[in-house]
Engineer: 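Sharing a structure, written as structure tokens. Questions coming.
Atom set for the values below is all heavy atoms of this structure, side chains included, hydrogens, waters and symmetry mates excluded. Whatever order the structure lists them in is the order used to number ligands and atoms, beginning at 1.
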Amino acid sequence: MIVFDYDLCIKCEKCEKICPCLAIEMNEFPMLAYPEKCWHCCACIKECPSDAIRLRLPPHIGDQRYEMLVRDERNEMIFRILFDGEPVDEMRIRVRK
Ligand code: SF4
Ligand code: SF4
């Protein structure tokens, strides 16, 4: 599931606007109001300007201590794996725009 780091969030509301499933709602901070609607597309993660959203990987992958960040940089999609908050692996995929 996606998780928020409210210490990093700047309340820009981009995650709420980009979510194709309307799963995120803004109150004081954004929250996953309808987790059952989220299909883990990572659009909100990619859109967040402050890396405040991550995809927590399921329990059978590292006891929920692994998370994934997604960045869109120029012509590459970057998938960064974190363990206990520290980057441990990275995969880059070239994309045509
Ligand atoms: S991962 Fe996709 S479906 Fe889930 S909350 Fe983010 S934008 Fe919405
Ligand atoms: S996109 Fe990121 S910084 Fe903006 S409201 Fe959502 S979590 Fe906060």
Side-chain angles (χ1 to χ4, degrees):
M1 69 180 290
I2 65 161
V3 292
F4 296 91
D5 183 337
Y6 294 133
D7 288 334
L8 298 176
C9 176
I10 58 170
K11 306 181 189 177
C12 68
E13 303 186 6
K14 287 184 174 182
C15 52
E16 182 189 39
K17 291 182 178 132
I18 198 79
C19 177
C21 307
L22 307 177
I24 297 174
E25 280 186 2
M26 285 295 296
N27 292 302
E28 185 187 354
F29 285 97
M31 58 179 289
L32 187 61
Y34 305 101
E36 71 282 2
K37 291 184 177 179
C38 174
W39 53 289
H40 309 123
C41 68
C42 296
C44 56
I45 299 173
K46 189 162 68 71
E47 193 73 4
C48 178
S50 54
D51 288 347
I53 315 175
R54 296 167 183 182
L55 178 68
R56 182 162 293 158
L57 301 184
H60 64 279
I61 305 176
D63 203 21
Q64 295 207 297
R65 294 169 73 185
Y66 282 98
E67 294 173 345
M68 185 173 74
L69 270 172
V70 185
R71 293 261 61 87
D72 184 1
E73 288 181 13
R74 295 187 194 166
N75 59 346
E76 283 187 327
M77 289 289 293
I78 302 172
F79 299 87
R80 193 164 290 143
I81 304 298
L82 312 171
F83 182 75
D84 282 345
E86 296 298 323
V88 292
D89 204 357
E90 190 174 281
M91 181 173 66
R92 291 173 178 255
I93 298 176
R94 277 184 175 271
V95 291
R96 286 192 184 153
K97 295 186 177 173

Engineer: I need the contact type for Lys11 against ligand 2. Using non-hydrogen atoms and a strict under-4.0 Å cut-off, is it side chain, backbone, both or neither?
Structural biologist: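 Near ligand 2, Lys11 shows its backbone, while the atoms from C-beta on stay back.
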Engineer: Side-chain contact, heavy-atom cut-off 4.5 Å: Glu16 with Pro30?
Structural biologist: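 Not in contact.
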Engineer: Under a 4.0 Å heavy-atom limit, does Cys15 contact ligand 2 with its side chain, its backbone, both, or neither?
Structural biologist: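 The answer is both, backbone and side chain.
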Engineer: May I ask you to list the atoms of ligand 1 that are less than 4.0 angstrom from any heavy atom of Trp39?
Structural biologist: 3 (S)
Engineer: Rounded to the nearest 0.5 Å, how far does SG of Cys19 lie from CH2 of Trp39?
Structural biologist: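 Trp39 atom CH2 to Cys19 atom SG measures 9.5 Å (nearest 0.5 Å).
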Engineer: Can you sort out which atoms of ligand 1 are near Cys19, meaning under 4.0 Å from one of its heavy atoms?
Structural biologist: 3 (S), 5 (S), 7 (S), 8 (Fe)
Engineer: In terms of residue, atom name and distance, what is the protein heavy atom nearest to atom 2 (Fe) of ligand 1?
Structural biologist: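 For atom 2 (Fe) of ligand 1, the nearest protein heavy atom comes out as Cys41 SG, 2.3 Å.
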Engineer: Does any non-hydrogen side-chain atom of Met77 lie less than 4.5 Å from one of Lys46?
Structural biologist: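 A side-chain contact exists here, since the closest heavy-atom pair is under 4.5 Å.
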Engineer: What part of Pro30, side chain from CB on, backbone N/CA/C/O, both or neither, has a heavy atom under 4.0 Å from ligand 2?
Structural biologist: side chain
Engineer: With backbone taken as N, CA, C and O and side chain as the heavy atoms from C-beta onward, which portion of Ile45 lies under 4.0 Å from ligand 1: side chain, backbone, both, or neither?
Structural biologist: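 The answer is neither; Ile45 stays 4.0 Å or more away.
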Engineer: Which distance, rounded to the nearest 0.5 Å, do you find between the CD1 of Ile10 and the OG of Ser50?
Structural biologist: 5.0 Å
Engineer: Do any heavy atoms of Pro20 fall under 4.0 Å from ligand 1?
Structural biologist: yes
Engineer: To the nearest 0.5 Å, how far apart are NZ in Lys14 and CE in Met26?
Structural biologist: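 Answer rounded to 0.5 Å: 13.0 Å.
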Engineer: Do Met68 and Phe79 touch side chain to side chain, with heavy atoms closer than 4.5 Å?
Structural biologist: yes
Engineer: Between Glu13 and ligand 2, find which residue part has any heavy-atom pair under 4.0 Å and reply side chain, backbone, both or neither.
Structural biologist: backbone
Engineer: Can Arg80 and Glu90 be said to form a salt bridge (Lys or Arg N to Asp or Glu O under 4.0 Å), step by step?
Structural biologist: CA-CA 4 Å; Arg80 193 164 290 143; Glu90 190 174 281; 2.8 Å; yes
Engineer: Checking a contact table here: which protein heavy atom is nearest atom 8 (Fe) of ligand 2, and how many Å away?
Structural biologist: Cys9 SG, 2.3 Å
Engineer: Do the side chains of His40 and Leu55 get nearer than 4.5 Å, heavy atoms only?
Structural biologist: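 Side chain of Leu55 against side chain of His40, heavy atoms only: contact under 4.5 Å found.
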Engineer: May I ask whether Ile18 places a heavy atom under 4.0 Å from ligand 1?
Structural biologist: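 No, that is not the case, since the closest heavy atom of the residue is not under 4.0 Å from the ligand.
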Engineer: For His40, which part has a heavy atom under 4.0 Å from ligand 1: side chain, backbone, both, or neither?
Structural biologist: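 For His40, the contact with ligand 1 is made by the backbone alone.
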Engineer: Applying a 4.0 Å heavy-atom criterion (strictly less than), which segment of Ile53 is in contact with ligand 2: side chain, backbone, both, or neither?
Structural biologist: side chain
Engineer: Please could you name the atoms of ligand 1 that Ile24 approaches to less than 4.0 Å, counting only its heavy atoms?
Structural biologist: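 In order of numbering, the contacting atoms are 5 (S).
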Engineer: Using distance alone, with no hydrogens and no angle criterion, decide if Tyr34 and Glu25 have a side-chain donor and acceptor under 3.5 Å apart.
Structural biologist: yes
Engineer: I need the nearest protein heavy-atom contact for atom 4 (Fe) of ligand 2: residue, atom name and distance, please.
Structural biologist: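 Checking every protein heavy atom, the shortest distance to atom 4 (Fe) of ligand 2 gives Cys12 SG, 2.2 Å.
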Engineer: With heavy-atom distances below 4.5 Å as the criterion, would you say the side chains of Ile24 and Ile2 are in contact?
Structural biologist: yes
Engineer: Check ligand 1 against Ile2 and write out every atom of the ligand that is under 4.0 Å from a heavy-atom position of the residue.
Structural biologist: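 Reading through ligand 1 atom by atom, the close ones are 1 (S), 5 (S).
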Engineer: So Leu69 and Leu82, do their side chains get closer than 4.5 Å, heavy atoms only?
Structural biologist: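 When only atoms from C-beta onward are counted, Leu69 and Leu82 do touch, with a gap below 4.5 Å.
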Engineer: Tell me, please, if Cys38 has any N/O/S atom, main chain or side chain, under 2.8 Å from atom 6 (Fe) of ligand 1?
Structural biologist: no
